[in-house]
Amino acid sequence: RDRSVSRGLGDVYKRQVDYLRVRDAPGLGGTEVAHYSSGETVTLDNWYKIADGYVWGRYTGYSGATRYIAVGKATGKPEADDYLVKVG
């Protein structure tokens, strides 16, 4: 189910994990199209989806294609071990 973000997405996020997959669809079934390393940042738009037990954020890549990235496990609230944390 898609809906407006209540987790604070729509801002700049910093990656906290060594390898974070970027997919062409929200969910584990999406094809990996890129990956990012720890410490890199991404600006997610104001959207999210819960799929396969994870919260998926969305952004537009340099190519103009829509990309999806797991923010963290779908626990209903931000967690210390989320894959992305809000900067600022």
Side-chain angles (χ1 to χ4, degrees):
R1 154 175 115 192
D2 300 346
R3 59 177 144 164
S4 298
V5 175
S6 61
R7 266 178 93 111
L9 299 178
D11 295 303
V12 176
Y13 283 75
K14 184 176 182 180
R15 290 166 187 81
Q16 296 199 114
V17 293
D18 291 334
Y19 189 94
L20 189 57
R21 291 173 176 85
V22 177
R23 299 181 184 269
D24 65 356
L28 298 176
T31 300
E32 182 178 344
V33 294
H35 72 273
Y36 292 100
S37 300
S38 180
E40 293 182 292
T41 60
V42 62
T43 301
L44 300 175
D45 66 16
N46 192 22
W47 174 94
Y48 81 87
K49 181 175 184 171
I50 305 292
D52 300 324
Y54 296 91
V55 176
W56 296 87
R58 177 179 72 185
Y59 71 95
T60 302
Y62 291 115
S63 68
T66 302
R67 300 296 185 215
Y68 302 89
I69 195 164
V71 175
K73 293 188 179 181
T75 63
K77 61 185 173 51
E79 301 289 349
D81 64 348
D82 279 348
Y83 306 141
L84 297 173
V85 293
K86 189 174 174 180
V87 176

What distance separates Arg58 CZ from Trp47 CH2, expressed to the nearest 0.5 Å?
-> 5.5 Å
For Pro26 and Trp56, the nearest pair of non-hydrogen atoms, with its separation, is CB-CB, 3.9 Å
If you look only at distance, which donor and acceptor atoms sit under 3.5 Å apart when one is on a side chain in residues 59-67 and the other is two or more places apart or in another chain?
residue, atom, partner, partner atom, Å
Tyr59, OH, Tyr36, OH, 3.0
Ser63, OG, Ala65, N, 3.3

Value rounded to 0.5 Å, distance of CG in Asp45 from CG in Asp11 | 11.0 Å
Are Val85 and Ile69 co-members of a hydrophobic cluster defined by side-chain heavy atoms under 4.5 Å apart?
-> no
Taking all non-hydrogen atoms of both residues into account, name the closest pair between Ala80 and Gln16 and its distance.
-> O-NE2, 3.4 Å
Is Val87 isolated, or which residues cluster with it under the ILVMFWY side-chain rule of less than 4.5 Å, directly or via members?
-> Val12
Test log, rule side-chain contact (heavy atoms from CB on, under 4.5 Å), inputs Leu84 and Leu20 | CA-CA 9 Å; Leu84 297 173; Leu20 189 57; 3.7 Å; yes
Would you please test Leu44 and Val71 for side-chain contact (heavy atoms from CB on, under 4.5 Å) and show each step?
-> CA-CA 10 Å; Leu44 300 175; Val71 175; 4.0 Å; yes
Walk me through it: do Lys73 and Tyr83 pass the test side-chain contact (heavy atoms from CB on, under 4.5 Å)?
-> CA-CA 9 Å; Lys73 293 188 179 181; Tyr83 306 141; 4.1 Å; yes
Any residue meeting side chain to side chain donor-acceptor pair (under 3.5 Å) with Arg21, in chain and number order, not counting sequence neighbours | Glu32
For Ala51 and Gly27, which heavy atoms make the closest approach, and how far apart are they?
-> CB-CA, 4.2 Å
Does Ser38 reach the side chain of Asp18, with side-chain heavy atoms less than 4.5 Å apart?
-> yes
Identify the heavy atoms of Lys86 and Tyr13 that sit nearest to each other, and give their distance.
-> N-CD2, 3.4 Å
Do Leu28 and Arg23 pass the side-chain contact (heavy atoms from CB on, under 4.5 Å) test, and can you show the C-alpha distance, the side-chain angles, and the key distance before you say yes or no?
-> CA-CA 8 Å; Leu28 298 176; Arg23 299 181 184 269; 4.2 Å; yes
